[in-house]
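See below for the structure under consideration.
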Amino acid sequence: MKKILNAPEAYTDDMLRGIYAAHGDRVKYVNGDLRCYCTAQKVPGKVAIITGGGTGHLPLFLGYVGEGLLDGCGVGGVFQSPSAEQIFEVTKAVEAGAGVLYLYGNYTGDIMNFDMAAELCELEDIDTRSIVGADDVNSGAPEVRRGVAGIFFMYKAAGAKAAQMGTLDEVLAAAQKAKDATRTVGFALTPCIIPEVGHPNFELKEDEMAMGMGIHGEPGIWTGPVRTSKELAAESLKTILDDMPVASGEEVALLINGLGATSVEELYILSGDVTAQLKEKGITVARTFVGEYATSMEMAGASISLCKLDDELKGWLDYPVNTPFYVQK
């Protein structure tokens, strides 16, 4: 294992110390717990949005805390859930009088701990709502699907509506609208190494890839020879459009996400092929996002997300945001 670290068990907290040292004017932690991460600026009367999840996925989850997006994040260890107590402490720190939306990925540990935090909030008369991202088509039926890079569109929609001073139910509805309109397919070319473990979390031969592999190394739907960008685009789009039909003449937002060790050049090759194939189907790509939005340590691979657009969703996607990790003017 070759990583820049001090001790494997200190990986998450050392990372957080570095973030606070670099961006302490914009983000902070509360009650002495580095993993209770929140914005340094609270807007009175605004719905607060809180996310959370394991380390290893930057800029997901904490990277979207900032102006126009989220207000706080419970930070877990590498690929581990934050605790209910941490989520609750973040909630108390950012709640601004209009209620709180919990918006996070569809993973068992996260669901359990966010539900426990919501129960603690009820005792404090803090009004909460919850919604999970579940966009990974290859991971099963809609109710069990994992939340992956497509949660970005939910963050954008909910964050914009909250910044526009929408009510808690309106912010929840915005997140739900983006969720209903978003699907993702991902694939891995290499495994990654969890620092505390010290070895790859799964195996792939030199000429192999895994379609549908999860961002924690969850099994995919097939493992086989590495395919070309055009072949990956075609299979991914078929999977997405079979699950969420998009008619000729309709518009989508396209998110090409790198998993941590894939060059931006490769992502643009994939983006070009996906865009060309959508054009052949008469589908317009109205917005394109290319880069790292939800990673898996140093895993090589990518994911493709489509969000079917209307004018309201386009407006939310265009809303300006400013975080230490992501800026959109």
Side-chain angles (χ1 to χ4, degrees), residues 133-139 142 145 147-157 160 174 177-189 209-213 215 220-222 224-259 262-295 300-321 326-329:
D135 52 303
D136 186 358
V137 180
N138 280 327
S139 59
R145 285 177 183 169
V148 287
I151 200 172
F152 168 78
F153 293 122
M154 297 175 67
Y155 287 163
K156 284 287 288 167
K177 183 170 185 175
K179 175 179 178 176
D180 293 342
T182 300
R183 302 291 189 277
T184 299
V185 166
F187 46 87
L189 304 177
M209 62 169 291
M211 175 60 73
M213 178 69 65
I215 59 174
I221 59 169
W222 61 256
V226 176
R227 300 193 178 176
T228 67
S229 173
K230 289 180 181 179
E231 291 171 334
L232 291 169
E235 178 173 344
S236 299
L237 286 179
K238 184 179 188 310
T239 300
I240 289 171
L241 297 176
D242 282 351
D243 194 79
M244 182 185 70
V246 180
S248 176
E250 291 190 302
E251 294 183 316
V252 297
L254 169 64
L255 173 64
I256 303 294
N257 169 62
L259 293 178
T262 298
S263 71
V264 176
E265 289 90 345
E266 294 168 67
L267 297 179
Y268 274 107
I269 292 170
L270 182 60
S271 178
D273 289 333
V274 172
T275 300
Q277 292 180 26
L278 287 169
K279 184 177 180 180
E280 291 174 358
K281 301 176 187 297
I283 299 169
T284 298
V285 178
R287 305 287 186 274
T288 302
F289 303 86
V290 178
E292 291 183 345
Y293 292 81
T295 62
S303 63
I304 299 167
S305 300
L306 292 186
C307 179
K308 186 158 59 171
L309 298 177
D310 60 12
D311 288 342
E312 188 172 44
L313 276 166
K314 283 195 287 187
W316 290 333
L317 292 186
D318 290 342
Y319 195 85
V321 302
Y326 181 69
V327 177
Q328 180 178 321
K329 298 181 178 179

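These figures come from a predicted structure and were not determined experimentally.
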Review item, side-chain donor-acceptor pairs of residues 247-256, under 3.5 Å, at least two apart:
residue	atom	partner	partner atom	Å
Glu250	OE1	Ala247	N	2.6
Glu251	OE1	Lys314	NZ	2.7

Say whether, by atom type as modelled, one donor and one acceptor occur between the side chain of [X] and the main chain of [Y] under 3.5 angstrom.
X: Asp135; Y: Thr182; result: no
X: Thr239; Y: Glu235; result: yes
X: Thr184; Y: Asp136; result: no
X: Asn257; Y: Tyr293; result: yes
X: Lys156; Y: Leu317; result: yes
X: Glu266; Y: Ser229; result: no

Non-hydrogen side-chain atoms of [X] and [Y] separated by less than 4.5 Å:
X: Ile283; Y: Leu241; answer: yes
X: Ser305; Y: Phe153; answer: yes
X: Tyr155; Y: Tyr326; answer: no
X: Leu232; Y: Met211; answer: yes
X: Asp310; Y: Lys177; answer: yes
X: Ser139; Y: Arg145; answer: yes

Give the minimum heavy-atom separation between [X] and [Y], together with the two atoms involved.
X: Ile215; Y: Gly147; result: CD1-O, 4.4 Å
X: Ala174; Y: Ala157; result: O-CB, 3.6 Å
X: Ala302; Y: Leu267; result: CB-CD2, 3.9 Å
X: Pro142; Y: Ala134; result: O-CB, 4.0 Å
X: Leu259; Y: Ala294; result: CD2-O, 3.7 Å
X: Gln328; Y: Tyr319; result: NE2-O, 3.8 Å

Roughly how far, to the nearest 0.5 Å, is the [atom2] atom of [Y] from the [atom1] atom of [X]?
X: Met209; Y: Trp222; atom1: CE; atom2: CH2; answer: 4.0 Å
X: Ser236; Y: Asn138; atom1: OG; atom2: CG; answer: 8.0 Å
X: Arg183; Y: Leu237; atom1: CZ; atom2: CG; answer: 14.0 Å

Pairs satisfying salt bridge (Lys or Arg N to Asp or Glu O under 4.0 Å), at least one member in residues 274-287, at least two apart
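Residue pairs passing salt bridge (Lys or Arg N to Asp or Glu O under 4.0 Å), neighbours aside: Arg287-Asp318.
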Can you confirm whether Asp311 is buried at CG, in the sense that more than 12 heavy atoms of other residues, nucleotides or ligands lie under 6.0 Å from that atom?
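Not more than 12 within 6.0 Å, no.
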